[in-house]
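Here's the structure we're looking at; comments come further down.
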Amino acid sequence: MNLKNPSQENVDFMLTEITSKLKMVNSGVFENLKLDQIHYDNLLDLYTLIHRKKLISPREMQLFAEELSLIRV
């Protein structure tokens with residue numbers, strides 16, 4: 001999967017991975033986001049950063065969740 005190419009499949013994949021890794025309870029907020037409703041590059045940057053981290057502190061989880069809320073156009 002090449003995440004550099006914007007596609008709905010990539011958006012769905014990254015959001016699923018991010019919400020899973022952050023153990024987000026209200027992940028349904030991001031379920032039906034469409035490619036044209038988000039800043040794809042910001043989502044990709046956030047996904048890359050979260051994916052690289054082995055452990056995420058509660059404070060980092062909160063900060064990442066706040067950043068995730070800003071990806072909408």
Side-chain angles (χ1 to χ4, degrees):
M1 177 176 283
N2 184 357
L3 296 176
K4 299 230 185 263
N5 297 325
S7 73
Q8 186 62 47
E9 181 183 2
N10 289 348
V11 169
D12 295 341
F13 172 78
M14 287 189 287
L15 287 173
T16 299
E17 292 294 310
I18 288 170
T19 56
S20 175
K21 188 143 185 184
L22 295 181
K23 299 176 180 118
M24 295 180 72
V25 175
N26 59 348
S27 61
V29 174
F30 301 106
E31 277 182 2
N32 295 314
L33 278 181
K34 302 296 178 209
L35 180 59
D36 62 347
Q37 296 174 317
I38 64 164
H39 296 285
Y40 188 83
D41 292 336
N42 293 354
L43 177 62
L44 180 59
D45 290 344
L46 188 60
Y47 168 78
T48 303
L49 183 61
I50 291 171
H51 185 68
R52 288 181 182 164
K53 294 189 76 59
K54 293 195 186 295
L55 297 172
I56 300 174
S57 72
R59 177 67 181 142
E60 287 174 317
M61 284 184 193
Q62 179 182 1
L63 291 171
F64 287 139
E66 289 172 13
E67 282 298 313
L68 190 56
S69 71
L70 299 174
I71 64 164
R72 293 178 190 254
V73 174

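Computed from heavy atoms alone, side chains included, the values below leave out hydrogens, waters and symmetry copies. Along the sequence shown, residues carry numbers from 1.
The closest side-chain heavy-atom distance from Arg72 to Gln37 is not below 4.5 Å. Between Leu15 and Ile38 there is no side-chain heavy-atom pair separated by less than 4.5 Å. In this structure, Glu66 and Leu70 have side chains that are not in contact, with every pair of non-hydrogen atoms separated by 4.5 Å or more.
Residue His39 qualifies as enclosed at atom NE2: its count of foreign heavy atoms under 6.0 Å is above 12.
What you find for His51 and Lys21 is that their closest heavy atoms are O-NZ, 3.6 Å.
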Under 3.5 Å, side-chain donor or acceptor atoms of residues 40-49 against the rest of the protein: list the pairs with distances, not counting sequence neighbours.
{"from": "Tyr40", "atom 1": "OH", "to": "Leu3", "atom 2": "O", "distance (Å)": "2.5"}
{"from": "Tyr40", "atom 1": "OH", "to": "Asn10", "atom 2": "ND2", "distance (Å)": "3.4"}
{"from": "Thr48", "atom 1": "OG1", "to": "Leu44", "atom 2": "O", "distance (Å)": "2.8"}

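Note that CD1 of Ile50 is 7.0 Å distant from CG of Leu68, once rounded to the nearest 0.5 Å. A distance of 8.0 Å separates CD in Gln8 from CG in Leu33, rounded to the nearest 0.5 Å.
Leu63 and Ile56 fall into different hydrophobic clusters, defined by Ile, Leu, Val, Met, Phe, Trp and Tyr side-chain heavy atoms under 4.5 Å apart, directly or through other members.
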